[in-house]
Amino acid sequence: MERFELAMKGIMSAGAALRRSPMGEDQVSRKTDHQDLVTCRDREIEQMLRREILGSFPMDRVVGEEYPEDPGSCGGVAWYIDPIDGTTNFVNQRRNYAVSIGCWKDERPLFGLVLDVEREALYWAKAGGGAWKNGSAIHVSGRSQVSDLLLTTPCIQHTFLEEHPRRGDMLRLARAVRAVRSLGSVALELCQLSSGEADMFVTVRSAPWDHNAARVILQEAGGCICTMEGEELPLNSKTTVAAFNSPEMRRLFMQGGY
Ligand code: 2AM
Ligand code: CA
């Protein structure tokens, strides 16, 4: 089986397992504090995906949220997997969470898949092949007036309430756009941008497993992505993220021209 087929099969089985899994508060634990949760399901799904990937491609690197990288991996292909992106939504809402699988070779994208589990919406892209939601092609919006835009951010508290170098700009931007939305999942919010349901995305914290699958989809959908400082998004470290429906919007954001 090829890597893409394996990823497709893995993400669909992960989705099916999550949809039918019972979840009580007793299966939830705190990683660092009460705002940073993990469940037994996060661990089980990541284990399952790791097993399937490494069973077929033992030389590939697997970078996931819940387990350290296998020191034996040394190939040029790296997988970025998040078994549940939006764990808090999974626990409290039982919707608005995703499974995310990105695959890169020598720091170039091969493909990305993000499954909105409860809506049964699979966002996916292969490099050079366009972006898709199930069987339909998707594209970023064409909105260009700041006052028409929807801005999304997965963590309102960090983006607007806590100190960071661009907090003042973010407050000004929030007043300039049509509205601010927060779903609470980096991967799903980047997919909303990819399908034109939102126009701009910002977060002060994101990890490789949060954004490396969705960024392939976004770029194939015509969007652009970088750090909040305008640098190229790193592949292997935690970072700020800013993503846009067009390079013009990116320029405007970087210049603070709103
Ligand atoms: P998670 O659900 O996989 O933890 C909203 O909290 C979004 O930010 C989610 O996509 C969440 O991913 C991610 N997130 C939460 N805590 C984070 C952290 N410390 N660093 C990076 N991303 C984080
Ligand atoms: Ca996660």
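Here the structure is a predicted model, which means the values were calculated and not measured. Just so you know, ligand 1 is whichever comes first in the structure, and atom 1 is the first atom listed for that ligand.
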- May I ask you to decide whether Glu197 forms a salt bridge with Arg181, counting only side-chain N to carboxylate O separations under 4.0 Å? no

- Item | Ion pair check, Arg143 and Asp199, cut-off under 4.0 Å | yes

- Message: List ligand 1 atoms under 4.0 Å from Ser185, heavy atoms only on the residue side.
- Response: 10 (O)

- Do NZ/NE/NH1/NH2 and the carboxylate oxygens of Lys31 and Glu65 come within less than 4.0 Å? yes

- For Cys155 and ligand 1, answer yes if some heavy atom of the residue is under 4.0 Å from a ligand atom, otherwise no. no

- Touching ligand 1 at all, Thr88? Heavy atoms, strictly under 4.0 Å? no

- Query: Considering only heavy atoms, which of Glu189, Arg205, Gln35 lies nearest to atom 14 (N) of ligand 1?
  - Reply: Arg205

- Query: In terms of residue, atom name and distance, what is the protein heavy atom nearest to atom 22 (N) of ligand 1?
  - Reply: Asp210 OD2, 3.0 Å

- Are Arg43 and Glu46 close enough for a salt bridge, meaning some N to O gap below 4.0 Å? no

- Note on the structure: heavy-atom search around atom 4 (O) of ligand 1 in the protein gives Glu65 OE2, 3.8 Å

- Task: Just jot down the ligand 1 atoms closer than 4.0 angstrom to any heavy atom of Asp82, in number order.
- Result: 3 (O)

- Does Ile84 bring an N, O or S atom to within less than 3.0 Å of the Ca ion (ligand 2)? yes

- Query: What atom name does the N, O or S atom of Glu65 nearest to the Ca ion (ligand 2) carry?
  - Reply: OE1

- Hey, which atoms in ligand 1 end up nearer than 4.0 Å to a heavy atom of Ile84? 3 (O)

- Considering only protein heavy atoms, which is closest to atom 10 (O) of ligand 1, and at what distance to one decimal place? Asp85 OD1, 2.8 Å

- So is Arg166 actually on top of Phe253's ring, under 6.0 Å and inside 45° of the axis? yes

- Residue and atom name of the nearest protein heavy atom (relative to atom 5 (C) of ligand 1), distance in Å to one decimal: Gly184 O, 3.5 Å

- Item | Residue and atom name of the nearest protein heavy atom (relative to atom 20 (N) of ligand 1), distance in Å to one decimal | Lys238 NZ, 4.0 Å

- Lys/Arg N to Asp/Glu carboxylate O, Lys9 vs Glu5, below 4.0 Å: no

- Item | Under 3.0 Å: N/O/S of Asp85 next to the Ca ion (ligand 2) | no

- For Thr87, counting its heavy atoms only, list the atoms of ligand 1 lying under 4.0 Å from any of them. 2 (O)

- Task: Compute both the distance and the angle, then confirm whether Arg3 meets the cation-pi test with Phe57: under 6.0 Å from the six-membered ring centre, within 45 degrees of the axis.
- Result: yes

- What protein heavy atom is closest to atom 8 (O) of ligand 1, reported as residue, atom name and distance in Å? Val186 CG2, 3.9 Å

- Message: Determine whether a donor-acceptor pair (N or O, by modelled atom type, separation under 3.5 Å) exists between the side chain of Ser185 and the backbone of Leu188.
- Response: yes

- Could you list the atoms of ligand 1 found under 4.0 angstrom from a heavy atom of Pro154? 5 (C), 7 (C)

- Would you mind listing which atoms of ligand 1 come within a distance below 4.0 Å of any non-hydrogen atom of Ser206? 21 (C), 22 (N)

- Item | Arg94, CZ atom: more than 12 neighbouring heavy atoms under 6.0 Å | yes

- Message: Can you tell whether the side chains of Arg19 and Glu118 come within less than 4.0 Å, N to carboxylate O?
- Response: no

- Message: Looking at Glu162, I'd like to know if its CD atom is crowded, meaning that more than 12 non-hydrogen atoms belonging to other residues, nucleotides or ligands lie closer than 6.0 Å.
- Response: yes

- Polar-atom distance check: Gly86 versus ligand 1, any N or O pair below 3.5 Å? yes

- By atom name, which N, O or S atom of Asp82 is the nearest to the Ca ion (ligand 2)? OD1

- Message: What verdict does the side-chain contact (heavy atoms from CB on, under 4.5 Å) test give for Asn96 and Phe90, after you've listed the backbone C-alpha separation in whole Å, the side-chain angles of each residue and the deciding distance to 0.1 Å?
- Response: CA-CA 7 Å; Asn96 298 325; Phe90 176 63; over 6 Å; no

